[in-house]
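Working notes, structure below.
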Amino acid sequence: MKVLYVDLGIQELSSKARKIVRSRKHPSQLVPCEYLFGHKDPETCKSLVEHLSACINNEQDRPKNLMVFVHPLCGKGRGCKNWEMVAPLFDRANVNTKVIITKRAGHAYDTLASISDKELKKFDGVVAVGGDGLFNEILNGLLNSRNKTSYPPTPEGFGYFGSTEKCQGYKNDGLNNSTPTSEAVNVMLPVGSNKSDDHEPLLSTGQSVGLDISSLNPNTESSTGDQVPSVSFPNDWFRLGIIPSGSTDAIVLSTTGERDAVTSALLIIFGRRIALDIAQVVRWKSSPSAEVLPTVRYAASFAGYGFYGEVIRESENYRWMGPARYDFSGTMVFLKHRSYDAKVAFLENENSHSLAASAENVADEVQSLQSRRKRSRKTICQANCSVCKETSTPGQDSEDEIPNSSQMIHDNPKWIWSEGRFLSVGAAVISCRNERAPDGLVAEAHLSDGFLHLLLIRDCPLPLYLCRSICRHLTQFTKKGSDPLTFKFVEHHKTRAFTFISSHDESIWNLDGELFQACEVSVQACRGLVNLFASGPEV
């Protein structure tokens with residue numbers, strides 16, 4: 001039982017306490033309940049209230065000050081409605097909130113990218129009242145100037161290392177791990193519209209969201225007092241939260257198990273904490289003819305190319321339809337049945353059965369892969385997950401000890417190449433649960449195990465794709481406990497990092513629902529890079 005707050009009643013003869021219990025029908029859902037208690041002696045009643053209040057105030061994990069971004073247009077206006085519903089809970093629990101109503105796309109990103117570390121340290125965390133897109137904006141605003149993790153590793157034969165004429169902004173560090181230097185500012189080069197969105201805010205704006213390096217560097221902060229330590233990630237004291245108000249809310253469903261605003265608010269107030277893996281996506285080139293310019297973005301749930309990117313781009317033409325435009329655009333893109341030539345190299349995971357397939361052996365080898373996966377037992381991520389606990393937690397590292405991706409990869413990594421024509425290439429960081437897929441896109445994905453789940457959907461005849469994907473795939477996808485990846489044209493690889501190369505002029509990626517143009521990218525899982533106000537789903 002957790003006590004939310006205690007009030008002294010009328011004439012100090014009674015008191016009211018609000019505690020939290022779990023819903024019987026939905027174990028992950030938290031329900032507030034009020035209890036009235038009293039005593040004939042006013043002093044005894046007052047003493048009891050003071051004692052309970054002191055116990056609540058001594059809970060170290062509870063946040064005291066939060067910055068809250070509210071997206072007023074997401075989910076048909078649910079952002080403001082949900083915040084009005086849960087704001088009294090924060091007030092009664094004595095949690096101070098600085099509320100910012102976003103006025104344009106990129107508002108949250110600009111605010112967090114430009115805020116000084118001195119100001120940021122006044123808060124215990126940042127909360128997004130919106131969907132996955134707003135959370136992605138907040139995530140990038142915090143990390144783009146404060147995450148010191150080196151660039152993802154790349155296979156031999158890829159990259160531009162050693163070519164000082166083309167790439168002077170980064171250097172090679174050991175295992176083809178490039179580290180940004182002072183000349184390389186990791187700014188975002190947005191693609192898309194600057195219109196307000198009724199679903200999620202795009203990072204793109206009418207003005208550039210890239211800031212001058214002097215405004216991003218915490219060490220250049222002007223201060224007449226003592227030097228303020230810089231804020232970096234992973235970070236023990238700083239957490240992120242989401243109060244779900246979007247159209248899918250995959251991050252909330254995957255981390256709490258419930259798409260419920262009150263439950264998420266209570267998890268924030270109680271100061272629950274769970275480490276969350278983040279995908280670092282480095283774009284080397286935006287198009288085949290473009291110059292090499294490393295640009296960093298982050299994704300918390302999914303990064304997808306091909307079908308996934310085209311759906312987001314197509315949906316820009318149907319904003320007037322609201323969230324339904326994604327279903328409509330998905331159908332239109334599906335029927336176009338476009339495929340793309342690409343090369344993908346991924347790091348082999350020693351502890352999993354992973355196969356690379358080519359156009360000649362895709363049927364036999366992938367079928368073997370699927371049969372081996374059927375025999376393997378899946379461990380679903382949940383509260384107090386044993387898989388996530390097996391790895392070291394980010395709290396064991398100090399803020400000055402920045403994890404390097406090469407430290408998580410063995411000395412002689414084996415890169416496996418897979419090339420051909422693909423309908424889509426995707427990487428799931430978490431299970432990506434939603435109401436249509438209770439187990440998510442990848443049921444066995446974990447919140448903080450340091451792995452990506454690479455999904456390669458190879459080209460196949462439209463009738464086969466239509467029959468197997470619509471009649472069978474979507475039917476399985478909506479059933480709890482089913483596996484939507486058991487198809488001959490689907491490759492599923494568990495990996496820590498991968499590299500993607502395409503010769504397509506308009507290569508569009510979908511990062512948590514945001515557009516990102518890139519034809520050459522490197523992606524890695526940054527284990528436990530951020531902490532979330534959550535405790536994992538109750539399974």
Side-chain angles (χ1 to χ4, degrees), residues 71-79 105 130-137 190-204 244-253 259 299 301-340 422-426 428 432-438 440-441 455 457 459-479 484 487 489-490 504 506-517:
H71 185 359
L73 300 178
C74 67
K76 294 185 177 180
R78 285 205 302 268
D132 296 338
L134 179 60
F135 184 78
N136 181 273
E137 192 175 322
V191 178
S193 169
N194 61 353
K195 299 178 181 179
S196 297
D197 191 0
D198 58 355
H199 171 47
E200 307 292 353
L202 294 176
L203 282 175
S204 56
S245 305
S247 293
T248 57
D249 298 313
I251 298 175
V252 166
L253 279 169
R259 191 183 180 188
S301 60
F302 189 78
Y305 170 84
F307 174 83
Y308 306 109
E310 292 297 330
V311 169
I312 298 299
R313 181 163 64 175
E314 182 76 14
S315 67
E316 291 295 301
N317 301 320
Y318 305 100
R319 286 178 171 269
W320 54 272
M321 296 178 65
R325 62 193 169 106
Y326 294 101
D327 292 332
F328 178 78
S329 300
T331 303
M332 297 294 292
V333 174
F334 179 86
L335 293 176
K336 289 179 181 178
H337 198 62
R338 296 183 63 184
S339 60
Y340 309 86
F422 298 93
L423 295 170
S424 64
V425 174
C432 299
R433 299 180 183 183
N434 58 72
E435 292 180 343
R436 295 184 181 181
L441 180 61
L455 308 177
I457 314 298
D459 193 10
C460 65
L462 181 58
L464 175 63
Y465 193 36
L466 184 63
C467 291
R468 297 180 70 91
S469 295
I470 295 296
C471 299
R472 181 182 175 188
H473 177 80
L474 293 183
T475 302
Q476 285 189 354
F477 197 44
T478 57
K479 293 181 180 179
F487 303 102
F489 52 84
V490 178
H504 195 255
E506 297 182 359
S507 296
I508 301 297
W509 283 78
N510 171 358
L511 306 183
D512 292 345
E514 307 298 327
L515 290 172
F516 190 54
Q517 183 170 338

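By convention here, the first residue in the shown sequence is residue 1. Just the heavy atoms: all of them, side chains too, but no hydrogens, waters or symmetry mates, feed the values below.
Between the side chain of Asn510 and the backbone N or O of Gly513 there is at least one donor-acceptor pair closer than 3.5 Å. Side-chain atoms of Asp512 do not come within 3.5 Å of backbone N or O of Asn136 as any donor-acceptor pair.
Taking the six-membered ring wherever Trp is involved, the centroid distance between the rings of Tyr308 and Phe302 falls below 6.0 Å.
Using a 4.5 Å heavy-atom cutoff, the side chains of Val425 and Ile457 are not in contact. Annotation: side chain of Tyr305 is in contact with side chain of Ser507 (closest heavy-atom distance under 4.5 Å).
In this structure, the separation between CG on Asn434 and OG1 on Thr248 is 7.0 Å, given to the nearest 0.5 Å. Here the CG-CD distance, from Asp132 to Glu137, works out to 13.0 Å after rounding to the nearest 0.5 Å. To the nearest 0.5 Å, atoms CG (Asn317) and OG (Ser329) are separated by 7.5 Å. One finds the CE atom of Met332 at 12.5 Å from the OG atom of Ser315 (value rounded to the nearest 0.5 Å). For the atom pair SG of Cys432 and CG of Leu441, the computed distance is 6.0 Å after rounding to the nearest 0.5 Å.
Scanning all heavy atoms of the two residues, the minimum distance from Gly309 to Leu515 falls at O-CD2, 3.9 Å. Scanning both residues, Ser301 and Ile251, for their nearest heavy atoms gives CB-CG1, 3.9 Å. Scanning all heavy atoms of the two residues, the minimum distance from Cys74 to Gly130 falls at SG-CA, 3.6 Å. The two residues Leu511 and Ala303 make their nearest non-hydrogen contact at CD2-CB, 3.5 Å.
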Side chain to side chain contact (heavy atoms under 4.5 Å, CB included) for Leu423 and His337? Distances and angles first, verdict last. CA-CA 7 Å; Leu423 295 170; His337 198 62; 3.8 Å; yes
Please determine whether side chain to side chain contact (heavy atoms under 4.5 Å, CB included) holds for the pair Arg259 and Arg433, giving the CA-CA distance in whole Å, both sets of side-chain angles, and the decisive distance to 0.1 Å. CA-CA 10 Å; Arg259 191 183 180 188; Arg433 299 180 183 183; over 6 Å; no
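With sequence neighbours excluded, the residues satisfying side-chain hydrogen bond (donor to acceptor under 3.5 Å, both in side chains) with Arg313 are Glu310, Glu506.
Between Phe334 and Phe307, the two ring planes are perpendicular [angle over 60°; tilted spans 30° to 60°].
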